[in-house]
Number of protein chains: 2
Amino acid sequence: MNDILHRIRAGSLMEGQQLPPERLLAAELGVARNTLRRALSHLEQEGHLVRRVGAGTFVRVTGKHNGGTLPSRMRGASPAELMEVRLIMEPQAAAVAASRASADDLKAIESALTSSLTASSLGEFEHWDGQLHLMVFRATRNSLLIDYCQAINSIRNEPEWYALKKRSVTEELCRVYDRQHSAMVNAIRDRDPDRARQAMAQHLGTVRDNLMGVL
Amino acid sequence: MNDILHRIRAGSLMEGQQLPPERLLAAELGVARNTLRRALSHLEQEGHLVRRVGAGTFVRVTGKHNGGTLPSRMRGASPAELMEVRLIMEPQAAAVAASRASADDLKAIESALTSSLTASSLGEFEHWDGQLHLMVFRATRNSLLIDYCQAINSIRNEPEWYALKKRSVTEELCRVYDRQHSAMVNAIRDRDPDRARQAMAQHLGTVRDNLMGVL
DNA sequence: GATCAATGGTTCAACATTGGTTCAATCTCA
DNA sequence: TGAGATTGAACCAATGTTGAACCATTGATC
């Protein structure tokens, strides 16, 4: 019984979604329908499920994790979680961009880099930093990756993230970021995915270390 | 019902554009007009559609592209885009899981593997395949990564992805996946992030190659 | 403005699918 | 061996889907 409960929970879908029909789910789990029903009954009593005769069995909508937008999800995550995801995604995106960017993409990337190199305030630097990352993601031509980057950029402009950045950034650090950005852009221009990946990983590693240093 | 909603959304036009007449759209979707109307009514209530008697049904003009949920974003992406993102995220998640999984996490992973190894139907295999991936992501303890995997799992249960999978999968291929899964789980159990990353990358490479082979 | 075709809106009855209940047989384990 | 758990099957109640007919409104044409 505990085994069945565990396996049903493990198969939990997102809120509001429908479980397979009992007869089908029982077959999938390799148990009798009565046995499954007993376990479902427990889950219903615990409040995880809603069961409607003639309609089906659904994961209860609590409104807590209601499948919000990507930015809202990011807001609910910790800085460490977000940086971890960035470190997973952004080096790979840079590598993809190195092999996939068009001439126009390269122009957009170089233009954003130039603007960030000449930025005269943190706000301006932040803006072009964000644009540079977005242009790299645009060059991947993968809509999901672009969505991700846009979500990051929308978060970074919010007061609490901006304040966090402000506390961790120095003039010298911007110069470090500039050099890291340049290395990454050079690698993309040279169509070298490995170098692009490494350069972006190094850059984000530095960003993370500095952010974590002020938390 | 969810299936119909999904298929209507998949055929979604640009803002302001008109959907086909109900009688035609119902025939295209292979459902009764009443059933279609019920789904359209939901979409109207959600504010996505505007319906005018004698004129037709239109996509609402919102003037803004607000961010959708992660699953809805994934639905709008191509299989190639989604597989590319999976290939970026899942090997890294396996590596993180290798160093971060608790004893209970390992049990859950092993349990899902065992169930997938003994699965006697594609449906059962698919179910446990999804669970295995989710347990690995749960072991990362990163809420954004877990969100991502849940979104993938909710998409994979949808009819068109299921149909795509069904066309690409063979008994022999399930055996290949079993071996790849086992290698990945062994690496996680051995706390070897590099091996875990490689094993998951290999697995997903095989998945992608087979999916792309039927498109 | 009148007419007609096309569109969404409503209602009805029949059938299909879903969860709910009950019963008897079989299995498991102390 | 006996108690409890699990199983398979049959039947019931509730909901969803279907096909068809009819109604009200809109848009195009003359």
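Below, chains carry the letters A, B, ... as their sequence lines are ordered, and counting in each starts from 1.
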Give the rounded distance in Å between these two atoms: CG of A:Leu24 and P of C:dT17.
13 Å

What's the separation between atom CZ in A:Arg191 and atom OG in A:Ser99, rounded to the nearest 0.5 Å?
8.0 Å

Write down the distance between CG (A:Leu29) and C1' (D:dT7), rounded to a whole number of angstrom.
15 Å

For B:Leu25 and C:dG8, give me the distance from atom CG to atom C1', rounded to whole Å.
13 Å

For B:Thr206 and B:Gln180, which I'm curious about, is there any donor-acceptor pair between the side chains at under 3.5 Å?
yes

Rounded distance [0.5 Å steps], CD in B:Glu110 versus OG in B:Ser182:
9.0 Å

Provide, to the nearest angstrom, the distance between the CG atom belonging to B:Leu36 and the P atom belonging to C:dT10.
15 Å

Indicate yes or no: does A:Glu22 engage A:Arg51 in a salt bridge with an N to O separation below 4.0 Å.
yes

Would you mind building the protein contact string for nucleotides 20-30 of chain D? One character per nucleotide, 5' to 3', B for base within reach (heavy atoms under 4.0 Å), S for sugar-phosphate only, - for untouched.
BBB-BBBS---

When rounded to the nearest 0.5 angstrom, what distance separates CD in A:Glu81 from OG1 in B:Thr140?
8.0 Å

Side chain of B:Glu22: nearest nucleotide among D:dT6, D:dT18, C:dG8?
C:dG8

Are any non-hydrogen side-chain atoms of A:Ile109 and A:Arg189 less than 4.5 angstrom apart?
no

Could you walk me through whether B:Arg100 and B:Asp105 pass salt bridge (Lys or Arg N to Asp or Glu O under 4.0 Å), step by step?
CA-CA 9 Å; B:Arg100 201 175 289 168; B:Asp105 291 328; over 6 Å; no

Over the length of the helix from C:dG1-D:dC30 to C:dA30-D:dT1, how much do the five-pair end axes diverge, rounded to 10 degrees?
40°

Among C:dG8, D:dT18, C:dG20, the one nearest any side-chain atom of A:Arg37 is C:dG20

Under a 4.5 Å cut-off applied to non-hydrogen side-chain atoms, are B:Leu36 and B:Leu29 in contact?
yes

Roughly how far apart are A:Arg86 CZ and A:Cys149 SG, rounded to 0.5 Å?
8.0 Å

How long is the span from the CD atom in A:Glu44 to the CZ atom in A:Phe58, to the nearest 0.5 Å?
12.0 Å

Separation of C:dG19 C1' from A:Arg38 CZ (nearest whole Å):
18 Å

Length of the line joining A:Gln45:CD and C:dG20:P, which is rounded to integer Å:
12 Å

With the sugar-phosphate defined as primed atoms, P, OP1 and OP2, and the base as all remaining atoms, what B/S/- string results for nucleotides 25-30 of chain C, 5' to 3', for protein heavy atoms under 4.0 Å?
------

Kindly say if A:Thr57 contacts the phosphate of C:dT18, meaning a side-chain N or O under 4.0 Å from OP1 or OP2.
no

How far does CE of A:Met184 sit from CD of A:Gln198, to the nearest 0.5 angstrom?
13.5 Å

